[in-house]
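In what follows, chains carry the letters A, B, and so on, assigned in the order in which the sequence lines appear, proteins first and then strands, with residues in each chain numbered from 1. Everything numeric here is computed off the predicted structure, so don't read it as measured data.
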There are 2 protein chains.
Amino acid sequence: MAAATPAHADSRSDPTPRAGLPPGAAPVPVGMKIGALASRSGLPVKTLRYYEELGLLPAVCRSSGGYRLFAEDSLRRLEFIRRLKTLGLSLEEIQGSLAVHDSGALPCADLEIQLGRQIERIDGRIRELRQLRKELQGLLAGWQSNPARDGELICPNLQV
Amino acid sequence: MAAATPAHADSRSDPTPRAGLPPGAAPVPVGMKIGALASRSGLPVKTLRYYEELGLLPAVCRSSGGYRLFAEDSLRRLEFIRRLKTLGLSLEEIQGSLAVHDSGALPCADLEIQLGRQIERIDGRIRELRQLRKELQGLLAGWQSNPARDGELICPNLQV
DNA sequence: CTATGGCGTCCAGTTGACTGGAGAGTCAAG
DNA sequence: CTTGACTCTCCAGTCAACTGGACGCCATAG
């Protein structure tokens, strides 16, 4: 069992629609089916279909049976998506960068802006959380677990 | 226009179902309708119904016409909810404290725990955000807006 | 009487990124 | 031919906290 036992050997799946190539040329598969892409990328099939539906992950074409066929570079695309997701970008933002890529340009300048914005969002969020933390801390500093009842107040510590 | 011009004078709305009270006693309304509570609390009617549905805001009873009637203390209850929401507690958590209150006890000890947990959640979240920020910062520190193309990489800066 | 407005229930939609399932078609192995 | 794995589309549900709308009853002013 040295080699030649791919879990999803999906090469010869469909009559590749090319004509007039020299016979004996290397077998160039037109694409992999979604299950192969799923197992190679580690993402669920459902997620891949969802990405395709959003336009993040275009399929090369459909097989005669209606199956999505993906190119090899779909894997790189998914890596790109995964990376940007871990950096906190939304799929919509990622789609923007991919659109730049698909237009033939490098998305780096675009991404620099997006990631810069992401830092700002994070800073804003951290500020909010710190403020909230401060408020909670202050509240708990003077907290009495068993205070005297204060009129109709639900919680005397909060004065409400 | 000194007084006596409430926007929603909903006192005499329904025949209060009490019998045998001394005549001449102060008019004690059995409750206010949802619109009155809405305008006095500043919350939308829809939200109040939603809270009631969740069990956060029990109505005293229904009028003969099927209208929810709320007690005066509903206002305090809503203040309590509002306050805890600004402190980041979920409605479910707030409901827990209200349940303690409704059982006749002070919710302070319970709340102390909840708010302590909230601080921990915040700390965790801040740590995550700081880590993410660091990663983004590091990435952008060496960022090249217009790098050379690197093979099939979508973004050379990210190496994906 | 009507007209108006408040209130009732029930159902659906919002946001984001999926996830689950039904029911049917495809395809290769045995 | 059958089986089983794989795939398709379409629809619904998840989480939270609402929000919007349709349709109909209730109550009161004129």
Side-chain angles (χ1 to χ4, degrees), chain A residues 5-15 29-57 59-70 78 81-82 84-96 98 118 121, chain B residues 6-16 29 31-57 59-70 78 81-82 84-96 118 121:
Chain A
T5 312
H8 291 257
D10 281 50
S11 300
R12 69 283 171 265
S13 61
D14 225 60
V30 74
M32 54 190 143
K33 285 185 291 183
I34 202 166
L37 184 56
S39 64
R40 288 175 68 186
S41 68
L43 287 168
V45 167
K46 279 268 180 190
T47 301
L48 300 182
R49 275 200 278 256
Y50 177 61
Y51 285 177
E52 197 239 19
E53 182 184 321
L54 292 187
L56 287 169
L57 186 69
V60 173
C61 61
R62 294 294 180 110
S63 76
S64 57
Y67 292 1
R68 289 170 185 83
L69 296 177
F70 294 96
L78 287 173
I81 294 169
R82 197 196 54 75
L84 291 182
K85 260 169 59 67
T86 69
L87 292 173
L89 295 202
S90 68
L91 294 182
E92 195 177 351
E93 292 166 321
I94 295 170
Q95 189 166 14
L98 281 171
Q118 173 67 352
R121 283 199 299 244
Chain B
H8 290 254
D10 281 48
S11 301
R12 69 288 172 261
S13 61
D14 224 62
T16 306
M32 53 190 143
K33 286 185 290 184
I34 202 165
L37 184 55
S39 64
R40 289 176 68 188
S41 67
L43 287 168
V45 168
K46 280 269 179 188
T47 301
L48 299 181
R49 275 201 278 255
Y50 176 62
Y51 285 178
E52 198 239 18
E53 182 184 322
L54 292 188
L56 286 169
L57 186 69
V60 173
C61 62
R62 294 293 180 111
S63 77
S64 58
Y67 292 1
R68 289 170 184 82
L69 296 176
F70 294 96
L78 288 173
I81 293 169
R82 197 196 54 75
L84 292 183
K85 260 169 57 69
T86 67
L87 292 174
L89 296 201
S90 68
L91 294 183
E92 194 178 351
E93 291 166 324
I94 296 170
Q95 189 166 13
Q118 173 67 352
R121 282 198 300 244

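A sub-4.0 Å separation between OP1 or OP2 of D:dC18 and a side-chain N or O of B:K85 is present. For the OP1/OP2 pair of C:dT26 and a distance below 4.0 Å, the side-chain nitrogens and oxygens of A:S63 include no atom meeting the criterion. In this structure, B:T47 reaches the D:dT19 phosphate: one of its side-chain N or O atoms is under 4.0 Å from OP1 or OP2. A sub-4.0 Å separation between OP1 or OP2 of C:dC7 and a side-chain N or O of B:R68 is absent. Dashed line: the shortest gap from a side-chain N or O of B:R49 to OP1 or OP2 of C:dT9 is not under 4.0 Å. Within the 4.0 Å cut-off from OP1 or OP2 of D:dC15, not a single side-chain nitrogen or oxygen of B:S90 is found.
When distances are taken from the side chain of A:Y67 to each of C:dT19, D:dT7, D:dT9, the shortest belongs to D:dT7. Relative to the side chain of A:R62, the nucleotides C:dT9, D:dC8, C:dT19 differ in distance, and D:dC8 lies closest. Taking the side chain of A:K33 as heavy atoms from C-beta on, and the options D:dC10, D:dG21, D:dT7, the nearest nucleotide is D:dT7. When the nucleotides C:dC7, C:dG21, D:dC18 are ranked by their closest atom to the side chain of B:L91, D:dC18 comes out on top. When distances run from any side-chain atom of A:I34 to the nucleotides C:dT19, D:dG20, D:dC8, the shortest one goes to D:dC8.
Regarding B:M32, its CE atom lies at a distance of 20 Å from the C1' atom of D:dA27, rounded to whole Å. In this structure, A:L54 atom CG and C:dT19 atom P are separated by 13 Å, rounded to whole Å. The distance between atom CZ of A:R40 and atom C1' of D:dC6, rounded to the nearest whole Å, is 17 Å. In this structure, A:L69 atom CG and D:dC6 atom C1' are separated by 13 Å, rounded to whole Å. At whole-Å resolution of the value, CD in A:E53 and C1' in C:dC18 are 11 Å apart. Summarising the geometry, the separation between CG on A:L57 and C1' on C:dA17 is reported as 15 Å, rounded to the nearest angstrom. For the pair A:Y50 OH and D:dT14 C1', the computed distance is 13 Å after rounding to whole Å. When rounded to the nearest whole Å, the span between CG of B:L56 and P of D:dC18 equals 9 Å.
Nearest-nucleotide assignment on DNA chain C puts the 5′-proximal partner with A:Y51, out of A:G66 and A:Y51.
No option in B:T86, B:L89, B:L56, B:T47 other than B:L56 meets the side-chain contact (heavy atoms from CB on, under 4.5 Å) test with B:I81.
Across all their heavy atoms, B:R121 and B:G88 have their closest contact at NH2-O, 3.9 Å. Pairing each heavy atom of B:K33 with each of B:F70, the nearest pair is C-CD1, 4.4 Å. Counting all heavy atoms, side chain and backbone alike, B:V45 lies closest to B:A38 at CG2-CB, 3.7 Å.
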- Passes side-chain contact (heavy atoms from CB on, under 4.5 Å), B:I94 versus B:Y51? Steps please. CA-CA 11 Å; B:I94 296 170; B:Y51 285 178; over 6 Å; no
